[in-house]
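Report on the structure given below.
All values below come from the heavy atoms of this structure, side chains included, with hydrogens, waters and symmetry mates left out.
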Protein chains: 2
Amino acid sequence: MTAPRTQIARAEVLCRERGVRLTDQRRRVLEILCAAGRPVGAYEIMDAMREGPRVVAPPTVYRALEFLLEQGLIHKIESLHAFVGCDHPEHPHSSEFLICLECGGVAELKDDAVERSLASVTRESGFLPRRRVVEVMGICARCARKEACRRKEEAERSPGPVD
Amino acid sequence: MTAPRTQIARAEVLCRERGVRLTDQRRRVLEILCAAGRPVGAYEIMDAMREGPRVVAPPTVYRALEFLLEQGLIHKIESLHAFVGCDHPEHPHSSEFLICLECGGVAELKDDAVERSLASVTRESGFLPRRRVVEVMGICARCARKEACRRKEEAERSPGPVD
DNA sequence: GGTCGGCACGTTATAAGATATCATGGCGTC
DNA sequence: GACGCCATGATATCTTATAACGTGCCGACC
């Protein structure tokens, strides 16, 4: 994961280059997302913004999110109804996401093989792709290791039937 | 797409084999989904059910949907908040979906290359996958053809600047 | 034959996510 | 200084989803 500070700085540069405005509200939403480093829902973002100078209503948050999505600075995780900062916003892209059911963490991948196979299967169908959603839910490496340790310890304490 | 009647019949058999109950409500939801042949939202299903003998409330619909999902008889399209009947419910699986932005139609694919590449990239990350969401939004072949025809006709009527 | 437990369903209420609509206010252009 | 554009404010509402609790059927078991 990229450091939040860096992500904001890159976003500033990109927006300037593109001639679009990274306003206070928009930057604030981006900051919240980057600082969290995990998927955050629109209303959670709204709550976080209430900490600041003024109260905001849902449309404000959704407008900022819409802008950030358009600029490729964040992604929406459809299966979670939540948003994450993008790890490499330099060029617009769709990514693949690995979502841990245990810790809620999300890893953003960019895998050529996945993209090639998807491109080829859509092409075969005569389908013109515009946006891709690829989300894999499961258990991340860290949580899997933890779980394995836990089981081992348990087994050592009471060596008996195992499920 | 499979004929709705066939899909229901197969579901009956599968449920009997598995020792689970395809109750009236559950079958009704499945019928509505299969008859539609396109993604249908939970509340639209609810409205369709109101046509029948009794009024149903959201939890009833969601419970039926949950059952059908568990049995692999339907799929949820995350990016549409909607559900579709499964084309081949014989063995549990995740599929890839092509969603047309023009006509709203959905095609269910099962592509080995996509699955292999996804499996390999998750394995590399030490990630244990449980459920996959692969949805490609775009324009289906039929709509693309129609659009092409429309443009051609327009060009013939007024041969001028093209966008 | 009664009763106990599990399961499906009913009912009410509400949480969570998203958008429509109209008003306001800053800021640059001409 | 009037106009238009864009971002935001504010209110209301819509859509999607779930929590919590109650009822009734039905088979297992005594």
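The backbone N or O of Ile99(B) sits nowhere less than 3.5 Å from a side-chain atom of Glu135(B) that would complete a donor-acceptor pair.
Between the side chain of Tyr43(B) and the base of dA17(D), a donor-acceptor pair under 3.5 Å is found.
For Arg131(A), the salt bridge (Lys or Arg N to Asp or Glu O under 4.0 Å) test picks out Glu78(A), with sequence neighbours left out. Residues that satisfy the salt bridge (Lys or Arg N to Asp or Glu O under 4.0 Å) test with Arg26(B), not counting sequence neighbours, are absent from this structure.
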Under 3.5 Å, which protein N or O atoms sit close to an N or O of nucleotides 5-8 of chain D? Give each pair with its distance.
from	atom 1	to	atom 2	distance (Å)
dA7(D)	OP1	Arg26(A)	NH1	3.3
dA7(D)	OP1	Arg26(A)	NH2	3.4
dA7(D)	O5'	Arg26(A)	NH2	3.4
dT8(D)	OP1	Thr23(A)	OG1	2.5

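Listed pair Tyr62(A) / dA18(C) meets the phosphate criterion, a side-chain N or O lying under 4.0 Å from OP1 or OP2. Residue Lys76(B) has no polar side-chain atom (N or O) positioned under 4.0 Å from OP1 or OP2 of dT16(D). Regarding contacts with the backbone of dA17(D), a side-chain N or O of His81(B) is found under 4.0 angstrom from either OP1 or OP2.
Rounded to an integer number of Å, the gap from CZ of Arg50(B) to P of dT11(C) is 11 Å. One can place CD of Glu78(A) at 12 Å from P of dA17(D), the figure rounded to the nearest angstrom. Between the CG atom of Asp47(B) and the C1' atom of dC14(D) there is a distance of 13 Å, given to the nearest Å. Atom CE of Met46(B) is separated from atom C1' of dC9(C) by 15 Å (rounded to the nearest Å). As a whole-Å value, the separation of Leu65(A) CG from dG17(C) C1' is 12 Å. With rounding to whole Å, Ile77(A) atom CD1 is found 20 Å from dA16(C) atom P.
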Under 3.5 Å, side-chain donor or acceptor atoms of residues 64-72 of chain B against the rest of the protein: list the pairs with distances, not counting sequence neighbours.
from	atom 1	to	atom 2	distance (Å)
Gln71(B)	OE1	Arg18(B)	NH1	2.9

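In this structure, Leu98(A) belongs to a hydrophobic cluster whose other members, linked by side-chain heavy atoms under 4.5 Å apart, are Leu109(A), Val114(A), Leu118(A), Val121(A), Phe127(A), Val134(A), Val136(A), Leu98(B), Leu109(B), Val114(B), Leu118(B), Val121(B), Phe127(B), Val134(B), Val136(B).
Taking the six-membered ring where tryptophan is involved, the planes of His75(B) and His93(B) are perpendicular, since the angle between them exceeds 60° and thus also 30°.
Residues in residues 101-114 of chain A take part in these salt bridge (Lys or Arg N to Asp or Glu O under 4.0 Å) pairs, two or more places apart or across chains: Lys110(A)-Glu115(A).
Between Ala82(B) and Pro59(A), the residue anchored closer to the 5' end of DNA chain D is Pro59(A), taking for each the nucleotide with the nearest heavy atom.
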